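Here's the structure, in structure tokens; my notes come after.
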Amino acid sequence: MKYSLYLFILIKFILQYTLIDSSYDLQRDEYLHLDQAHHLAWGYMSVPPFTSWISWLILQLGNQVFWIHFFPALFGALTIVVVWKTIESLGGRHFALYLGAISVLLSAILRLNTLFQPNSFDVLAWTTCYYLIIRFIQTDQSKWLYYLAIVWALGFLNKYNIIFLVLGLLPAILLSEHRKILAQKRFYIAMFVGLLIILPNLLWQYQHHFPVIQHMKLLSKIQLVHVNRLDFLSSQILFFVGSFFVLIASIWSLLFYPPFKKFRFLFWNLIFTLAIFTYFKAKDYYAIGLYPIYLSFGSVYIAFVLQSGWKKNVQIIALALPCLAFIPMYQYIFPNKSASLIIQDPEPYQKLGLLHWEDGKDHHLPQDFADMLGWKALAQKLDSVVATLPPSSLDSTIILCDNYGQAGAINYYTQNKSITAYSMNADYAQWIPLKQPMKHVILVKEYDDEDPNRTEERPLFDTIYLAGEHVNSLAREHKISIYVLKNAKININKRVQDEVDEALLPE
């Protein structure tokens, strides 16, 4: 059986490396995470530190795209392994194992695993936590509780989203026979172990006035305000459209299949967790980590139902359904076609709602696809601007971008390793070298720049001019302007310091 698992892992990696067309760059968020490798800390403005540790490993390996794609693919492969082990622990054999592995492999998790973001490890952490809970219930061995505390803590250090696992699980356990564990000493020892692991990040949050709260407020104001609760629930079906019947079987088995009676609390966990996500108007993909473990139960139950007689012939249909459903997913969900081909036939993407962005409007490409265009060209344009400046002036020149995507992309793709781009956006405001003398500024401005004539800065510099423009009508940032501001008449360090203080000021 282990060779079958190895085969699924191999297929997983092959798929992940063939789902992105070579015409695309990395996605906006990936650049920020990669830059965190140069600024290791116990916390950041928008994410905990775990992703920065992976970024550091990628940096040591050469910072190449191969390794950037490798780690999310690895976390996705490990999710399949955990589901496989869960099915084995529940008594499932060949068919159940294959059904569970295929259901996870050919799902929306594939899309998450194409991007270097905290989401891939988040799904792995959720799935592993549930697996460890199952093993604890099956064996009553304390070690599984301690493993659970460690994995949950790592999940917390990866993405705070895993708090919702606790919020959904706790009331479900309180309603079950397993509530007695909450009164046992080993439970609190495990909690203490988990707390020790996440404590450095909690201290970092405290020292920086809990920026995660500021980030969530901003997220709610800009993005989550456009989230429709009904759309959130309908998206849950689409994430596992080919294996949705397995999830239904899981719910049925948790309620009515006698061997799963001790795990009935997981039914209520599903209800409570989805209710909490819906109440807070979470993004639809926040809940993906909830489902792989339920695919395990559903696969074992379906294997039981189809184990003999004519029903055994239905097994091939059950295995085929996720594969058939994956065909349209492969065509439209992944950036495996160039942007120019997509805009020639946008109707399927429109019907699937893929052209609807977080700003509440419809656009020409899916948001993530548009966010993977134009970055390398922007860095090349900036390099050409920098090449026109005297090399001796670069030591006193700071590059300030409007957002973290621009800064991160420039830092990743630039061929001039003597320059570094910053921004007042996200974590870059904390990284600006304020002690470095600043006499000249290069501004990288978004398409919706409110002051293209630079009327605010003109009194502050001897010379200001538009040095270049990067235009890509298909990119999310379809026009980016680059300005050069020479010979400051004021103390630029003081001005930048004031802007940094304002950017980092708690609301």
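Numbering of residues begins at 1 and proceeds along the displayed sequence. Everything numeric in this text was worked out from a predicted model, so none of it was measured.
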Using the benzene-type ring in the case of Trp, are the ring centres of Y17 and F66 under 6.0 Å apart? yes
Residues forming a salt bridge (Lys or Arg N to Asp or Glu O under 4.0 Å) with D122, sequence neighbours excluded: none
Pairing residues for Y24 by the ring-ring contact (aromatic ring centres under 6.0 Å, His included) criterion, not counting sequence neighbours: none
With sequence neighbours left out, the residues meeting side chain to side chain donor-acceptor pair (under 3.5 Å) with Q350 are D362
Contacts of type side chain to side chain donor-acceptor pair (under 3.5 Å), residue S55, not counting sequence neighbours: none
When the ring centroid of F70 is compared with that of F13, is the distance short of 6.0 Å? yes
Tell me every residue that passes salt bridge (Lys or Arg N to Asp or Glu O under 4.0 Å) with K479, counting only those two or more places apart in sequence or in another chain. E469
Which heavy atom of S120 sits nearest a heavy atom of L115, and at what distance? OG-O, 4.1 Å
Would you mind listing every ring-ring contact (aromatic ring centres under 6.0 Å, His included) that reaches into residues 443-464, with sequence neighbours excluded? Y447-H478
Listed once per pair and sorted, the side-chain hydrogen bond (donor to acceptor under 3.5 Å, both in side chains) pairs that draw on residues 397-410, sequence neighbours left out: R28-N403, D29-Y404, D402-K445, N403-E446, N403-E477, Q406-E477
Can you list everything that forms a ring-ring contact (aromatic ring centres under 6.0 Å, His included) with W431? Sequence neighbours excluded, please. H39, Y428
Kindly state whether the ring of F277 and the ring of F164 have centres lying under 6.0 angstrom apart. yes
Can you list every pair that meets salt bridge (charged side-chain N to carboxylate O under 4.0 Å, His left out) and has a residue in residues 61-86, with sequence neighbours left out? K85-E88
Applying salt bridge (Lys or Arg N to Asp or Glu O under 4.0 Å), name anything that partners D368, two or more places apart in sequence or on another chain. R111
Return the minimal non-hydrogen interatomic distance between I293 and Y131, and the atom names on each side. CD1-N, 3.8 Å
For residues 59-76, the side-chain hydrogen bond (donor to acceptor under 3.5 Å, both in side chains) pairs (sequence neighbours left out) are none
Check: N336/D21 side-chain N/O donor and acceptor closer than 3.5 Å: no
Does a donor on one side chain sit under 3.5 Å from an acceptor on the other, for Y31 and Q36? no
Could you check whether atom NZ of K417 has more than 12 heavy atoms from other residues, nucleotides or ligands sitting under 6.0 Å from it? yes
Smallest heavy-atom separation, A377 atom then H470 atom, equals CB-CE1, 3.4 Å
Salt bridge (Lys or Arg N to Asp or Glu O under 4.0 Å) partners of D449, counting only residues at least two apart: R454
Ignoring hydrogens and angles, tell me if any N or O in the side chain of N158 forms a donor-acceptor pair with the backbone of P118 under 3.5 Å. yes
